[in-house]
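When a ligand or atom number is given, it counts from 1 through the structure's own listing order. These values consider heavy atoms only, across backbone and side chains, with no hydrogens, waters or symmetry-generated copies.
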Amino acid sequence: MRKKHETFVFFTINDSPKFKTTLKTSVVSQITSAAQLLQPSGQSFVAVNVAFSQSGLSKLGVTDDLKDATFTGGQSADATNLGDPGTVNWVGAFKDRKSMHGVLLVASDTQKSIDAQMQSLRTAFGSSMSILYTLPGRIRSGRYAGHEHFGFLDGIGQPAISGWDISPRRGQQVVTPGIILAGEPGDTVRGRPLWTKDGSFLAFRQLKQLVPEFEAFIDVKAPAVDGLTAHESKDLFAARMVGRWKSGTPVDLAPLRDNPAIGADSNRNNDFTFLHGDNALTFNSDQSRCPFHAHIRKTRPRADLPSPLNAIMRCGIPYGGEVTSGETRAKTSSPDIRLERGLAFVAYQSNLANGFQFLQKAWANNPNFITNKTVAPGFDPIIGANHGGQRFISGWDLKNTSSTTTLQSDFVVSRGGEYFFSPSISALRDVIAA
Ligand code: N7H
């Protein structure tokens with residue numbers, strides 16, 4: 001649902017029979033289909049989807065086992081596992097897993113049409129549901145459109161689904177449909193109820209970004225690089241933490257200076273594996289182009305570890321406003337919750353333990369991943385989490401790539417979330433609303 005705005009409306013169900021009747025008679029027909037979204041001519045002005053947590057399915061009397069223990073347990077039970085310091089930083093609504101029954105996703109190019117759509121959904125559902133929490137996301141404006149709050153172009157590395165994406169871009173990872181959609185070829189889980197076919201697990205996370213703190217760290221810590229100005233050295237340091245320049249160009253293809261033409265070309269911006277003719281023999285120690293800790297290398301290791309089972313479909317959107325002049329001056333994010341900014345992170349997969357949960361826990365939070373390297377890479381500096389404690393990275397200083405440095409605090413703070421199941425339209429109509 002690639003629109004300029006997307007609002008996530010988390011709700012609790014008060015009256016299951018009435019909720020089901022409304023879902024069946026007036027909401028299912030408004031759910032936007034994948035076919036609609038795939039055809040530019042079929043684009044609806046407002047796109048709508050709905051997904052349910054385990055508590056929500058239970059509340060609706062859907063007692064089938066979806067064979068995903070991570071989903072069944074809920075995200076609050078997973079907080080420590082994901083590297084959060086428990087749920088201390090979590091938004092209240094995400095802590096109350098018994099009441100967190102589902103999420104409505106409403107996207108459009110104007111907030112006004114989202115508000116109108118939400119008003120009509122609220123009227124239809126009446127007292128059968130109550131809204132627990134609303135998070136309005138929107139893409140940044142002007143030259144930052146498509147860039148997340150740290151300034152990097154987002155939405156580049158996305159798997160192509162075989163049979164659906166008929167012309168994958170060069171270097172794009174092609175996965176079988178079952179990696180993302182339940183019950184399709186390639187889904188490794190057996191014995192799920194038939195109605196889950198073509199549904200997907202949605203991992204939602206509200207990830208607060210401490211932008212002034214991130215920038216201050218770059219400012220203070222960026223090592224001087226021979227031949228580069230201080231400004232260029234700082235840009236390079238930040239780019240190496242992500243694995244891409246702010247333009248989207250991979251540092252693996254432009255290791256010292258940005259070449260924005262690569263980032264802008266969808267047939268070039270994914271066409272790399274970290275492996276080159278000249279580093280085949282030194283592959284496990286070579287961090288001259290891209291450090292092992294880089295966010296995109298940790299979350300998709302390419303030639304380090306080809307692993308199509310761990311692909312996710314990312315569909316998040318930034319939330320919150322731009323950094324204020326006061327925050328820039330103070331080099332600190334405001335404690336005023338109304339000024340909070342970050343990423344409304346959304347990832348779809350057919351198996352949470354292979355997808356989002358695995359990427360976060362086994363890769364980003366694991367200082368020894370990527371394994372077999374001559375030095376431990378350290379944490380993913382963007383999303384790697386150590387329960388709020390210190391983290392380290394190696395490969396940060398080009399002059400001595402085995403030296404490590406400490407990151408005293410997180411630049412991304414989890415405000416919690418929930419795991420949902422997003423059913424197919426027929427399952428919504430014939431099972432969830434039945
Ligand atoms: Fe990440 N960032 O600004 O640094 N991410 N991410 N992410 N991320 C990517 O390729 C970012 C998060 C992945 O195929 C880019 O689209 C931020 C979580 C994966 O090469 C940028 C946050 C998880 C990829 C960012 C955040 C992932 C990816 C490059 C949180 C999973 C594709 C643009 C606030 C647990 C890798 C692009 C590939 C790319 C950023 C969250 C995973 C710029 C700020 C929680 C799989």
Side-chain angles (χ1 to χ4, degrees), residues 2 75 78 81-84 137 140 144 146-160 168-169 171-175 179-180 203-211 214 218 238-253 262-263 266 269-274 290 293-308 310-320 340-349 352-366 369 379-385 410-417 419:
R2 291 208 169 273
Q75 199 176 109
D78 210 20
N81 200 26
L82 294 172
D84 294 5
R140 296 177 64 199
Y144 298 113
H147 295 241
E148 52 66 59
H149 280 295
F150 292 141
F152 295 85
L153 186 63
D154 207 353
I156 306 170
Q158 197 80 296
R169 309 290 187 176
Q172 196 177 6
Q173 181 181 29
V174 180
V175 299
I179 300 297
I180 307 297
F204 183 88
R205 293 275 272 173
Q206 178 172 336
L207 298 172
K208 172 177 167 179
Q209 290 177 252
L210 303 177
V211 180
F214 177 77
I218 303 293
R240 283 172 62 85
M241 283 166 72
V242 173
R244 291 186 184 271
W245 296 89
K246 289 186 173 168
S247 65
T249 301
V251 293
D252 193 53
L253 298 181
I262 300 180
S266 57
N269 61 17
N270 261 309
D271 198 12
F272 65 99
T273 66
F274 306 118
C290 182
H293 69 242
H295 175 59
I296 66 155
R297 195 163 184 175
K298 280 271 196 177
T299 54
R300 190 188 156 202
R302 299 181 192 237
D304 293 309
L305 180 68
S307 64
N310 305 109
I312 56 173
M313 185 72 83
R314 291 174 303 127
C315 303
I317 187 166
Y319 70 88
E340 180 180 324
R341 64 188 65 80
L343 183 67
F345 177 83
V346 172
Y348 290 97
Q349 58 265 282
L352 286 162
N354 282 350
F356 162 72
Q357 189 197 44
F358 193 85
L359 267 55
Q360 183 70 53
K361 185 186 169 206
W363 288 353
N365 297 356
N366 176 0
F369 185 77
F379 291 77
D380 174 333
I382 306 297
I383 62 158
D410 294 336
F411 308 119
V412 168
V413 174
S414 158
R415 305 270 284 129
Y419 299 129

Enumerated ligand 1 atoms positioned under 4.0 Å from heavy atoms of F152: 43 (C)
Sub-4.0 Å atoms of ligand 1 with respect to non-hydrogen atoms of I382: 4 (O), 17 (C), 44 (C)
R302 N/O to ligand 1 N/O under 3.5 Å: yes
Straight-line distance of D252 CG to F274 CZ, nearest 0.5 Å: 6.0 Å
Does any N or O atom in G157 lie less than 3.5 angstrom from one in ligand 1, N or O only? yes
Of all the non-hydrogen atoms in the protein, which one sits nearest to atom 14 (O) of ligand 1, and at what distance? R300 CD, 3.2 Å
If you have a sec, work out which protein heavy atom is nearest atom 25 (C) of ligand 1 and how many Å separate them, to one decimal? H295 CD2, 3.4 Å
Would you say F411 and M241 make side-chain contact, with heavy atoms under 4.5 Å? yes
Has the side chain of Q158 got a donor or acceptor atom that lies under 3.5 Å from a matching backbone atom of R314? yes
Looking only at heavy atoms, is any part of D154 under 4.0 Å from ligand 1, and if so is it the side chain, the backbone, or both, or is it neither? both
Which distance, rounded to the nearest 0.5 Å, do you find between the NZ of K246 and the OH of Y144? 7.5 Å
N/O to N/O below 3.5 Å, does that happen between Q360 and ligand 1? no
Specify whether F214 and F152 have parallel, tilted or perpendicular ring planes, treating 30° as the upper limit for parallel and 60° as the lower limit for perpendicular. perpendicular
May I ask you to check if ligand 1 and Q158 share an N or O to N or O distance below 3.5 Å? no
Check: of F345, F272, W245, F411, min heavy-atom distance to atom 45 (C) of ligand 1 comes from F345
Using a 4.0 Å cut-off to any heavy atom of G155, which atoms of ligand 1 qualify? 16 (O), 37 (C)
Look up atom CG in N310 and atom CD in Q357, then write down how far apart they are to the nearest 0.5 Å. 11.5 Å
Return the CZ to CD distance between F358 and Q349, rounded to the nearest 0.5 Å. 12.5 Å
Please state which part of R314 comes within less than 4.0 Å of ligand 1, counting heavy atoms only: side chain, backbone, both or neither. side chain
Backbone or side chain, does any N or O of V242 fall under 3.5 Å from an N or O of ligand 1? no
Which residue supplies the protein heavy atom nearest to atom 3 (O) of ligand 1, what is that atom called, and how far is it? E148 CD, 2.9 Å
Quick test: of every protein heavy atom, which one is nearest to atom 19 (C) of ligand 1, and how far off is it to 0.1 Å? T299 OG1, 3.3 Å
Donor-acceptor contact below 3.5 Å, side chain R302 vs main chain F272: yes
Are any of the side-chain heavy atoms of L82 and Q75 separated by less than 4.5 Å? yes
Closest protein heavy atom (residue, atom, distance) for atom 35 (C) of ligand 1: F356 CD1, 3.6 Å
With nothing but distance in play, are any N or O atoms of I156 less than 3.5 Å from an N or O of ligand 1? yes
Show which atoms of ligand 1 fall inside a sub-4.0 Å distance from at least one heavy-atom site of Q209. 34 (C), 44 (C)
Can you name the atoms of ligand 1, numbered from 1 with element, that are less than 4.0 Å from a heavy atom of L359? 35 (C), 46 (C)
In terms of residue, atom name and distance, what is the protein heavy atom nearest to atom 41 (C) of ligand 1? I383 CG2, 3.4 Å
Considering non-hydrogen atoms of the protein only, which is the closest contact for atom 33 (C) of ligand 1, and what is the distance? L153 O, 3.4 Å
Per-atom contacts, ligand 1 versus L207 - under 4.0 Å to a heavy atom: 30 (C), 34 (C), 45 (C)
Heavy-atom donor-acceptor pair, K298 side chain to F369 backbone, under 3.5 Å: yes
Atom of K208, atom of L210 and distance for their closest heavy-atom approach: CE-CD2, 3.6 Å
Interatomic distance, R205 atom CZ to R415 atom CZ [nearest 0.5 angstrom]: 12.0 Å
Any side-chain heavy-atom pair of R341 and P318 under 4.5 Å: no
